[in-house]
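Just so it is clear: chains get the letters A, B, ... in the order the sequence lines come, proteins before strands, and each one is counted from 1.
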Amino acid sequence: MHVYIEDIGKHEGEEITVKGWLYNKRSSGKVRFVLIRDGTGIVQSVVAKGDNDDKTFDAADRISQESSIILRGTVRKDERAPGGYEIVATDIEVLQLAQDYPITPKEHSIEYLLPLRHLWLRSKKQNAILRIRHELIKACRDFFDNRGFINTDTPILTPASVEGTTTLFPVDYYGDKVYLAQSGQLYNEATIGALGKVYCFGPTFRAEKSKTRRHLTEFWMLEPEVAFLDLDGVMDLAEDMTVFIVEQILNKKMTELETLERDITKLKKVKKPFPRITYKEAVTIIQEKCKDFKYGDDFGAPHETVISESHEKPVFVHHFPAGVKAFYMKRDPGDDSLSLSVDMIGPEGIGELMGGGQREDDYDTLLKRIKERKLPEDAYQWYLDLRKYGTCPHSGFGLGIERTIAWICGINHVRETIAFPRMLEKVYP
RNA sequence: UCCUCGGUAGCUCAAUGGUAGAGCAUCCGGCUGUUAACCGGAGGGUUGCAAGUUCGAGUCUUGCCCGAGGAGCCA
């Protein structure tokens with residue numbers, strides 16, 4: 001019977017078959033220890049000379065790292081085996097003998113590993129990260145689905161940019177120029193008119209010349225948008241979601257967090273309420289460390305780090321100066337220089353995880369903003385329509401999935417949080 | 001685009017301006033409970049490229065190429 005390695009403990013004493021790849025091999029005299037992985041885990045198998053026919057022992061002797069094999073044997077509990085169980089092999093079938101596998105079980109440099117990403121994914125740590133990514137995305141969807149949100153995916157090919165300024169990837173569309181989406185938010189603002197509360201989750205593209213551990217040119221963003229929700233409401237939503245996803249990962253992915261050697265005491269501190277500070281208060285905190293920072297400046301990476309390290313939980317910074325935020329952000333009715341915007345800065349120096357706020361819902365004001373920033377008015381006609389036919393206060397945010405995974409996994413670069421990262425001038429493999 | 005650091009064996013790294021080395025991987029041999037096993041042996045090099053200084057350059061100088069980290073911008 002074919003058994004996946006993660007279920008091996010349920011089959012003690014049984015004759016089973018595992019199918020996978022050779023992870024590593026050790027030997028002592030006439031005993032061979034064969035470590036097999038099948039994607040769900042790693043198990044040790046023992047082959048001793050004389051226990052079986054020579055064919056099985058020779059196969060154990062011959063197989064090389066990452067050779068594909070089908071192994072039959074009996075499951076035995078043994079505390080000397082990693083994982084507590086091992087298979088006493090009776091037969092090893094070698095499907096293909098891999099030669100000179102380039103990633104040996106030792107340390108390698110990032111320069112070496114990145115072009116070998118298609119193979120690097122087989123390693124323990126990368127396997128754990130991708131499993132956590134899967135669970136995190138599932139937790140995000142569950143959170144919104146449980147609250148009656150409708151997943152309404154937004155287009156990837158778009159006629160114009162959200163903010164008009166950020167660099168976009170142009171695509172030829174039957175002779176016209178369209179762009180890969182950098183956000184689904186504007187479309188979400190339309191679908192809330194139909195469905196009330198929605199989210200989209202998909203890839204977004206930014207052709208910025210960013211070369212840092214926080215940037216990918218193709219990354220996944222989760223964007224909820226809710227009609228009749230204000231700034232405080234959107235912070236409540238983001239807070240509830242963050243607490244939920246961290247809880248889910250802690251409940252379901254402990255093995256993977258251990259593989260990653262993540263300090264989970266830090267994740268366990270992610271409970272309500274998160275600190276909420278105004279931009280103005282944040283400036284005071286930043287200026288203690290960064291003397292040259294002026295009120296009105298947008299946060300740079302070092303400034304986010306200061307905020308990030310000032311608390312053990314994610315921190316909401318709200319009411320940014322209108323000038324540093326997008327045209328669609330609603331202004332503070334009490335102070336027109338401020339916007340009803342919010343960023344969530346993750347702890348442990350991870351930086352910005354989420355950005356959002358309350359949207360401008362007045363037709364004339366929005367038109368004024370579009371003109372101020374010299375955006376193509378024609379392209380925004382449909383967007384303006386939303387303020388013409390039953391406008392309402394509404395809010396939403398965008399969560400960067402890769403940054404969130406990096407934070408939860410405790411790894412310092414987003415390139416390891418996606419199977420095939422796309423970075424500045426790097427699209428292989 | 002800018003700043004900093006780096007490029008030596010398949011990989012990870014060492015080498016006062018004076019014969020280019022180790023560990024791992026590979027191959028051969030040994031060991032009946034290994035835990036990145038261990039022990040013995042072997043093969044493996046245009047020191048990123050080009051020019052220069054020097055009796056002599058992996059090492060010093062200049063230019064170029066490639067990579068990493070960071071900045072700006074952002075999620």
What residues 82-91 of chain A contributes to the RNA chain B interface at heavy-atom separation below 4.0 Å is A/Pro82, A/Glu86

For B/G21 versus B/A14, give the span between their C1' atoms, rounded off to a whole number of Å.
7 Å

Rounded to the Å, how far apart are A/Leu424 CG and B/C73 C1'?
12 Å

Can you tell me if A/Gln44 and A/Tyr85 form a side-chain donor-acceptor pair at under 3.5 Å?
no

Specify the separation, in whole Å, of atom CD1 of A/Ile103 and atom C1' of B/U26.
17 Å

In dot-bracket form, how is RNA chain B paired, counting a Watson-Crick or G-U wobble pair only if both its distances are under 3.5 Å and using | for bases paired to another strand?
(((((((..((((....[..)))).(((((.......))))).....(((((..]....))))))))))))....

Using the C1' atom on both, measure B/G10 against B/U53 and round to a whole Å.
35 Å

Using atom P in both nucleotides, what's the gap between B/G58 and B/A25 to the nearest angstrom?
30 Å

Does A/Glu218 reach a base, just sugar-phosphate, or nothing at all? Heavy atoms under 4.0 Å.
nothing

From the options B/A71, B/G33, B/U26, select the nucleotide whose nearest atom is closest to the side chain of A/Asp100.
B/U26

If you go through the side-chain atoms of A/Lys211, does one of them form a donor-acceptor pair with the base of B/A68 closer than 3.5 Å?
yes

Between NZ of A/Lys25 and C1' of B/U26 the distance, given in whole Å, is 12 Å

Of all heavy-atom pairs between A/Ala181 and A/Pro155, which one has the smallest distance, and what is that distance?
CB-O, 3.4 Å

Over all atoms of both residues, closest heavy-atom pair of A/Gln182 and A/Phe205:
CB-O, 3.4 Å

If you measure from the P atom in B/G45 to the same atom in B/C5, how many Å do you get, rounded?
32 Å

Any idea which of B/G72, B/G33, B/C74 is nearest the A/Arg206 side chain?
B/C74

Kindly say if A/Arg213 contacts the phosphate of B/C74, meaning a side-chain N or O under 4.0 Å from OP1 or OP2.
no

Is the closest basic N to carboxylate O distance between A/Glu239 and A/Arg276 below 4.0 Å?
yes

Give the rounded distance in Å between these two atoms: OH of A/Tyr23 and P of B/A36.
10 Å

d(CG, A/Leu116; C1', B/G67) in whole Å
15 Å

Side chains of A/Gln126 and A/Arg117: donor-acceptor distance under 3.5 Å anywhere?
yes

Taking only side-chain nitrogens and oxygens of A/His413, does any of them come within less than 4.0 Å of OP1 or OP2 of B/A68?
no

Rounding to an integer number of angstrom, what distance separates B/C38 and B/U34 when you compare their C1' atoms?
9 Å

Heavy-atom contacts, protein to nucleotides 6-15 of chain B, under 4.0 Å, summarised as B (base), S (sugar-phosphate only) or - (none) per nt, yield ----SBS---

Check whether the side chains of A/Glu223 and A/Ser183 place a donor and an acceptor atom closer than 3.5 Å, and report yes or no.
yes

Do A/Tyr199 and A/Glu225 have side-chain N/O donor and acceptor atoms under 3.5 Å apart?
no

Going by the angle between their ring planes, with limits at 30° and 60°, are A/Phe293 and A/Tyr279 parallel, tilted or perpendicular?
tilted

What interatomic distance, in whole Å, is found between C1' of B/A9 and the corresponding atom of B/U4?
29 Å

Base, sugar-phosphate alone, or nothing: which one does A/Asp78 contact when heavy atoms must sit under 4.0 Å apart?
base

Heavy-atom closest contact (A/Thr152 atom, A/Cys200 atom, distance):
O-CB, 3.5 Å

How about A/His394 and A/Gln358: does a side-chain donor come under 3.5 Å of a side-chain acceptor?
no

Have a look at A/Leu216 and say if it touches a base, only the backbone sugar-phosphate, or nothing, with a 4.0 Å heavy-atom cut-off.
base

May I ask you to say what A/Gly300 touches in the nucleic acid, namely base, sugar-phosphate or nothing, with a heavy-atom cut-off under 4.0 Å?
sugar-phosphate

Just checking A/Gln44: base, sugar-phosphate only, or nothing, at a heavy-atom cut-off of under 4.0 Å?
base

Counting only side-chain heavy atoms from C-beta out, which of B/A68, B/A36, B/C74 sits nearest to A/Glu304?
B/C74

Regarding A/Ser64 and A/Ser67, do their side chains bring together a donor and an acceptor under 3.5 Å, going by distance alone?
yes

Nearest heavy-atom pair of A/Thr242 and A/Met344: which atoms, and what distance?
OG1-CE, 3.5 Å

From A/Val226, A/Val198, A/Leu195, residue fulfilling side-chain contact (heavy atoms from CB on, under 4.5 Å) relative to A/Phe149:
A/Val226

Touch check for A/Arg214, heavy atoms < 4.0 angstrom, all strands: base, sugar-phosphate only, or nothing?
base

Of the candidate nucleotides B/A75, B/U32, B/A36, which contains the atom at the shortest distance from the side chain of A/Ala48?
B/U32

Ring stacking, A/Phe219 with base of B/A75, under 5.5 Å and under 30°?
yes

Cation-pi check, A/Lys313 onto A/Phe274 ring (under 6.0 Å, within 45° of axis)
no

What is the separation between atom CD on A/Glu416 and atom C1' on B/A68, rounded to the nearest whole Å?
14 Å

Rounded P spacing from B/C65 to B/A50 in Å
15 Å

Considering only atom P, compute the distance from B/C64 to B/C2 and round it to an integer number of Å.
11 Å

Using whole Å, report how far NZ of A/Lys325 lies from P of B/A75.
6 Å

Separation of atom CZ in A/Arg32 from atom C1' in B/U34, rounded to whole Å:
11 Å

5′-ward residue of the pair A/Asn24/A/Arg76 relative to RNA chain B
A/Arg76

Between A/Ala301 and A/Met221, which is nearer to the 5' end of RNA chain B once each is assigned its nearest nucleotide?
A/Ala301

